[in-house]
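Computed from a predicted model, the values in this text were never measured in an experiment.
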Amino acid sequence: MKNFLFVSAENDAIAHCKAGGMADVVRDVPRQLAANGDHVHVVVPAYNRLHHGGNFISDLKIKIRGEESVAYLYEVQPKKTFEGITHYVIHHPEIIEGNIAHIYNDDPTEPFFTDAVKYFIFNTAVAQAIKQNLFDHIDVVHLHDWHTALLLFHKQFNPEYQKLKESWFVYSIHNLSLQGIRPLNNNFASVNNFFPEIGYDYEMVKDERYDDCINLMALGIRLADRVHTVSPSYKLDILKPSHKPEFIGGESLETDLNKANDAGRLFGILNGVNYKNIRVAEKGNLYPNVLRQLFKWIQEESKKYKSDILAYTGEKVVCLLENPPSFVASSVARMTEQKFYFFKRNPQALKTILEKLASHNGIFILLGTGEPEYEALMRDISYEHPNFIFINGQSEDIIDSIYLESDLYFMPSLFEPCGISQMLAMRNGVLCLVHHTGGLIDTINTGIDGFSFDGISVDDKINNMVDAFDTTLDTFFNDKTKWKKMSKKAKAARFSWENAVKEYYKYLYNYS
C-alpha cells in the first residue's frame, strides 16, 4: 500500500473549492487510488474560509520573511466520504480569499503578486506538516500546477525540510500558460523577501525571459521526479515553441520540457471522468435552475451587475419557459483568452453564430466568470442578441442541467491541455463542436462522435469555426439519423479514471 499526498490550490471533493478542471482531477484521482487500496491525503489552502467547522490538527510553525509565523492544519469533511482519503486545509491570515471563484486573485498591474504570497506561505506550511509527520510517511507527493511548485524549492534548497527528499515527487501541468513568475529580489512578493535565509541555485530557478525572476512552473518541470501533462496531444504541443496566436506551444518552457522528455521524466496521460456515483440532473430543470440561482445572486450584497442578471438574463429565461427553443448550444468555461480568444478577436463571428441560431429558433447559453474584459464582451453581445443567455456566475445545478439538456456543447478554445467539459457533455450523449487542439484531439472524433474546426491562420480558424457551426445545425435539422448515431457514439465513449490511473501507476508513480 502506498501513501500519497496531493497538494493543490483547488479540490472539488470539498465544498466551495473549485475554479476549474484541476479541482475535478484532484477530487477524482484520489478516489481511484483509494479504490486500489492506497491511502491519499489531500491538502489545499483554506482561503480564510474553508477551515470553519473543520477539525484542528496542529500548529505549523514556519519561517517567512525572516520571522516566525504560525499556520494551522485542519481536517475537513468532504462532500462525499470515501474510505482511504483524508482532506485537509491550511489556514493562515495571509492566505486570503480571492476574487476569482473565491480562490485566485487577479492582479492586472503586477501578475501573481497576491497569489504568490498565498502559495509561498501555503507550500512552506505543507513542508512543515510533512516534517512533523502529520500525514505519516509519504511515498508519493503529487503537485498540481505552479501554485505548489515551491514545495520542490524547499526540497531542493531548504535545510529545514530535508525530510521531503524521502518522497517521490510528481508534478502535473494543467495549464502551462500560467507560470507563477515573480521577482527574486526587491519586491514584497519575491523569493528573497520571503526566504532570505535560503541559498539556492540561480540557474535552477530562473525564468528564461526575465532573468531577475523565478518561474515556478519551470521549477516544477526541472525538479520533479516525473512531469505529467493531462493529455498526450498537449504533451506534443508543448514540446514545440509557441507562435501566437496561431499556435500555443511550450510558452518559453519548451527547452525545459524537451530536457524532461529526453530524460524519460515527461508523460502525457489523458484525464478521465466519472461514470458512476455522479451528480445527476433532472431533465426539464434547466430554466428553473437558472432562475432559482439568479434570484439567489441578486440577494447577495457582493454580487455585481444585478440589473443585467434581471433584465438581460432572467427576463430571457422566463420567455424560454413559455416558448422553448428548438436548439440549445452551450458552453461552461472561465472567461479567459484560452477559452474565448476567437470571440474577442472577432466578435462578429459570435454574432453571426447567434444569428444563425436565431433563424432556427436556437439559443446559446454561456456560463462562467473570469477576466473583466471577457465578461464585458459577453454582456455587451447579450444586450444585442435575445437568444444569447450569458450567465455570469458559477452554479453546479445549472452546469449539470446544461450538460444534460444541451443539443450542442461548444468549445472554441485557443488551446486546451485536456478539457473535461467535452467529456462530461459526451457522457450524456451531447455532441461537441471543438477546436482541433490539445486534449480535444484525443477526445473528439470528427464526424463520428462530434465536430471540430481548425485552420492555418487565426482568421482561417474563426471562419472555419462559423462554417463548422453551420454544419452542426444542418446535421441536427436535416439528418436526424446521423445526429442520433453520432450521439450514441459520444455517449458510448469512455474516458475512465480507472484506465488513466493505471497509466499513472505505470509511468508516474513507478519509483522502484
**Asked** Is the His16-His102 ring centre distance short of 6.0 angstrom?
**Response** no
**Request:** Check step by step if salt bridge (charged side-chain N to carboxylate O under 4.0 Å, His left out) holds for Arg222 and Glu208.
**Result:** CA-CA 13 Å; Arg222 293 166 187 164; Glu208 292 299 330; 3.5 Å; yes
**Message:** Can you see whether Arg209 engages Gln179 through a side-chain donor-acceptor pair at a distance of less than 3.5 angstrom?
**Reply:** yes
**Prompt:** Are side-chain heavy atoms of Lys2 and Tyr511 found at a separation under 4.5 Å?
**Reply:** yes
**Asked** Nearest heavy-atom pair of Leu357 and Ala329: which atoms, and what distance?
**Response** CD1-CB, 4.4 Å
**Item:** His142: which of Phe4, Phe169, Tyr509, Tyr171 passes ring pair (Phe, Tyr, Trp, His ring centres under 6.0 Å)
**Value:** Tyr509
**Message:** Which residue in the set Phe453, Phe342, Phe410, Phe476 passes ring pair (Phe, Tyr, Trp, His ring centres under 6.0 Å) when paired with Phe469?
**Reply:** Phe410
**Asked** Under 3.5 Å, is there a donor-acceptor pair between the Asn285 and Ser401 side chains?
**Response** no
**Message:** What verdict does the salt bridge (charged side-chain N to carboxylate O under 4.0 Å, His left out) test give for Arg345 and Asp459, after you've listed the backbone C-alpha separation in whole Å, the side-chain angles of each residue and the deciding distance to 0.1 Å?
**Reply:** CA-CA 9 Å; Arg345 167 82 169 243; Asp459 292 332; 3.5 Å; yes
**Request:** Would you check, one step at a time, whether the test side-chain contact (heavy atoms from CB on, under 4.5 Å) holds for Leu176 with Thr229?
**Result:** CA-CA 9 Å; Leu176 192 70; Thr229 70; over 6 Å; no
**Complete:** Heavy-atom nearest pair, Pro417 first then Tyr234, reads O-CB, 3.2 Å
**Message:** With a 3.5 Å distance limit and no angle check, can you tell me whether Gln394 reaches the backbone of Ala101 through a side-chain donor-acceptor pair?
**Reply:** no
**Request:** Determine the interplanar angle of the Tyr119 and Phe122 rings, folded into 0 to 90°, and report it as parallel if under 30°, tilted if 30 to 60°, perpendicular if over 60°.
**Result:** perpendicular
**Item:** Ring geometry between Phe327 and Phe477 (parallel below 30°, tilted from 30 to 60°, perpendicular above 60°)
**Value:** tilted
**Asked** Any luck finding a side-chain donor-acceptor pair between Lys235 and Asn261 under 3.5 Å?
**Response** yes
**Prompt:** Parallel under 30°, tilted from 30 to 60°, perpendicular over 60°: which one fits the rings of Phe388 and Phe364?
**Reply:** parallel
**Message:** I'd like to know whether the aromatic ring centres of Trp146 and Phe112 sit less than 6.0 Å apart in this structure.
**Reply:** yes
**Asked** Going through the checks in order, is the side-chain contact (heavy atoms from CB on, under 4.5 Å) test met by Leu366 and Ile391?
**Response** CA-CA 6 Å; Leu366 171 59; Ile391 303 170; over 6 Å; no
**Item:** side chain to side chain donor-acceptor pair (under 3.5 Å) between Thr471 and Asp474, worked out
**Value:** CA-CA 5 Å; Thr471 300; Asp474 182 62; over 6 Å; no
**Request:** For residues His41 and Phe6, establish whether the separation of their ring centroids is below 6.0 Å.
**Result:** no
**Prompt:** Would Glu10 and Tyr104 count as having a side-chain donor-acceptor pair, cut-off 3.5 Å?
**Reply:** yes
**Asked** Looking just at side-chain N and O atoms, do Ser177 and Asn175 make a donor-acceptor pair shorter than 3.5 Å?
**Response** yes
**Fill in**
dist Lys155:NZ -> Leu150:CG (nearest 0.5 Å) comes out at 13.5 Å
**Asked** Do side-chain atoms of Ser413 reach the backbone of Glu416 as a donor and acceptor pair under 3.5 angstrom?
**Response** no
**Asked** Any chance the side chains of Thr255 and Asn258 put a donor and an acceptor closer than 3.5 Å?
**Response** no
**Asked** Can we say Glu254 and Lys259 salt-bridge, meaning some charged N sits less than 4.0 Å from an Asp/Glu carboxylate O?
**Response** no
**Prompt:** Rounded to the nearest 0.5 Å, what separation is found between the CG atom of Leu151 and the CD1 atom of Ile130?
**Reply:** 5.0 Å
**Message:** Using a 3.5 Å distance criterion without hydrogens, assess whether the side chain of Gln338 forms a donor-acceptor pair with backbone atoms of Phe415.
**Reply:** yes
**Asked** Ignoring hydrogens and geometry, is there a side-chain-to-backbone donor-acceptor pair from Asn215 to Val205 under 3.5 Å?
**Response** no
**Prompt:** Can you tell me if NZ on Lys484 sees more than 12 non-hydrogen neighbours from other groups inside 6.0 Å?
**Reply:** no
**Val501: which of Ile269, Leu508, Asn36, Asp28 passes side-chain contact (heavy atoms from CB on, under 4.5 Å)** = Asn36
**Request:** Test Thr114 against Asn105 for side chain to side chain donor-acceptor pair (under 3.5 Å), laying out the working first.
**Result:** CA-CA 6 Å; Thr114 307; Asn105 282 83; 4.7 Å; no
**Request:** Please confirm whether the backbone N or O of Ala13 pairs with a side-chain atom of Asn11, one donor and one acceptor, at under 3.5 Å?
**Result:** yes
**Distance (rounded to the nearest 0.5 Å) between Lys344 NZ and Leu350 CG** = 13.5 Å
**Message:** Any side-chain to backbone donor/acceptor pair from Ser406 onto Ser330? Under 3.5 Å, distance only.
**Reply:** no
**Prompt:** Looking only at side chains, do Asn428 and Tyr409 share a donor and an acceptor under 3.5 Å apart?
**Reply:** no
**Request:** Would you sort out whether Asp24 and Arg27 count as a salt bridge (charged side-chain N to carboxylate O under 4.0 Å, His left out), showing the intermediate values?
**Result:** CA-CA 5 Å; Asp24 295 354; Arg27 175 196 67 206; 3.5 Å; yes
**Message:** Strictly distance-based, threshold 3.5 Å: is any side-chain N or O of Arg182 a donor or acceptor partner for the main-chain N or O of Pro111?
**Reply:** yes
**Message:** The test is side-chain contact (heavy atoms from CB on, under 4.5 Å); show your working for Met465 and His435 and say whether it passes.
**Reply:** CA-CA 8 Å; Met465 174 182 72; His435 180 206; over 6 Å; no
**Request:** Report the C-alpha distance between Glu83 and Arg31 in whole Å, list the side-chain angles of each, state the deciding distance to 0.1 Å, and finish with yes or no for salt bridge (charged side-chain N to carboxylate O under 4.0 Å, His left out).
**Result:** CA-CA 9 Å; Glu83 187 176 350; Arg31 292 178 181 179; over 6 Å; no
**Request:** Provide the closest heavy-atom pair for Cys17 versus Leu50 in the form atom of the first, atom of the second, distance.
**Result:** SG-CD1, 3.8 Å
**Message:** Between Asp12 (side chain only) and Lys18 (backbone N and O only), is there a donor and an acceptor less than 3.5 Å apart?
**Reply:** no
**Message:** Before you tell me yes or no, could you show the steps for Thr369 and Arg334 under side-chain contact (heavy atoms from CB on, under 4.5 Å), namely the whole-Å CA-CA distance, both residues' side-chain angles and the distance that decides it to 0.1 Å?
**Reply:** CA-CA 5 Å; Thr369 59; Arg334 295 264 304 123; 3.9 Å; yes
**Asked** Mind checking whether Ile14 and Val44 have side chains closer than 4.5 Å, heavy atoms only?
**Response** yes
**Backbone of Val170 reached by a side-chain donor or acceptor of Asp225 within 3.5 Å** = no
**Asked** If you round to the nearest 0.5 Å, how far is CD of Glu371 from CE of Met335?
**Response** 10.0 Å
**Message:** Minimum heavy-atom separation for Val89 and Val76, please, with both atom names.
**Reply:** CG2-CG1, 3.8 Å
**Short side-chain to backbone donor-acceptor contact, His39 and Gly84, under 3.5 Å** = yes
**Asked** At what distance, to the nearest 0.5 angstrom, does CE of Met22 lie from OG of Ser8?
**Response** 4.0 Å
**Request:** Would you please indicate yes or no on a ring centroid separation below 6.0 angstrom for Phe135 and Tyr88?
**Result:** yes
**Request:** Would you give the length of the straight line joining atom CG of Asp115 to atom NZ of Lys118, rounded to the nearest 0.5 angstrom?
**Result:** 4.0 Å
